[in-house]
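Notes for the one structure printed next.
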Amino acid sequence: MLNKELSEDRLKRAKLRFRILNEFLKEKDYADVIRTCQEIVEIIQKSILIKIGINPPKWQDVIDIILENKDRLPSDIAIALNRQKKTPSG
């Protein structure tokens with residue numbers, strides 16, 4: 001599978017999980033909401049790595065790899081990352 005196809009497949013999986021979140025919320029199943037949100041973030045981050053030609057590692061937290069390679073990211077994603085870095089976290 002080409003990088004573009006693999007990246008798009010991962011995004012499709014993330015979107016599906018995002019739609020499922022509403023069902024967990026309706027049932028007040030907050031543990032699965034949190035777990036699914038974590039999966040969504042991981043899938044999207046790894047999709048970004050694949051899109052820029054980096055084979056994602058097996059571990060979950062890959063944001064440092066994304067930040068190290070932000071010059072390879074599409075400009076809209078790089079701008080969003082820079083915005084997030086400037087936002088104080090609570």
Side-chain angles (χ1 to χ4, degrees):
M1 203 180 281
L2 296 172
N3 283 351
K4 183 179 178 183
E5 291 172 346
L6 187 55
S7 178
E8 289 173 2
D9 179 66
R10 294 231 179 184
L11 289 176
K12 181 180 169 185
R13 291 169 187 245
K15 288 176 184 177
L16 173 62
R17 282 169 175 76
F18 187 77
R19 288 194 305 266
I20 291 170
L21 282 177
N22 284 327
E23 295 303 314
F24 291 139
L25 285 170
K26 285 179 193 173
E27 298 296 322
K28 297 184 180 186
D29 184 356
Y30 302 120
D32 278 330
V33 168
I34 292 169
R35 188 179 127 268
T36 303
C37 286
Q38 290 170 328
E39 286 179 6
I40 292 168
V41 169
E42 179 185 351
I43 291 168
I44 291 171
Q45 287 179 342
K46 289 185 177 184
S47 175
I48 290 169
L49 289 178
I50 292 166
K51 188 168 183 120
I52 62 173
I54 297 173
N55 190 22
K58 300 294 182 199
W59 63 83
Q60 295 172 341
D61 189 7
V62 296
I63 190 64
D64 290 338
I65 299 170
I66 292 171
L67 293 174
E68 289 170 6
N69 292 280
K70 72 178 180 179
D71 58 313
R72 297 171 63 181
L73 297 172
S75 61
D76 55 336
I77 295 174
I79 290 168
L81 277 174
N82 286 331
R83 232 183 286 133
Q84 291 298 317
K85 282 177 58 178
K86 294 176 184 175
T87 304
S89 58

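The CD1 atom of I65 lies 7.0 Å from the CD1 atom of I54; values are rounded to the nearest 0.5 Å.
The same ILVMFWY cluster, assembled from side-chain heavy atoms under 4.5 Å apart, contains both F18 and L16. Residues I48 and I63 share a hydrophobic cluster, clusters being chains of Ile/Leu/Val/Met/Phe/Trp/Tyr side chains in contact below 4.5 Å. I79 and L67 are not part of a single hydrophobic cluster, where members link through side-chain heavy atoms under 4.5 Å apart.
The stretch residues 48-68 participates, sequence neighbours left out, in no salt bridge (Lys or Arg N to Asp or Glu O under 4.0 Å) pair at all.
The nearest pair of heavy atoms linking V33 to L21 is O-CD2, 3.7 Å. For the pair S7 and I50, the tightest heavy-atom approach, listed with the atom from each and the gap, is N-CG2, 3.9 Å.
Taking a 6.0 Å sphere around CZ of R72, one finds it holds more than 12 heavy atoms contributed by other residues, nucleotides or ligands.
With a 4.5 Å cut-off on side-chain heavy atoms, D9 and R13 count as touching.
Scanning for salt bridge (charged side-chain N to carboxylate O under 4.0 Å, His left out) contacts around K28 gives an empty result, with sequence neighbours left out.
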Below 3.5 Å, can you tabulate the donor-acceptor pairs from side chains in residues 36-44 to any protein atom, sequence neighbours excluded?
from, atom 1, to, atom 2, distance (Å)
T36, OG1, D32, O, 2.7
E39, OE1, R17, NE, 2.9
E39, OE2, R35, NH2, 3.2
E42, OE2, K46, NZ, 3.1

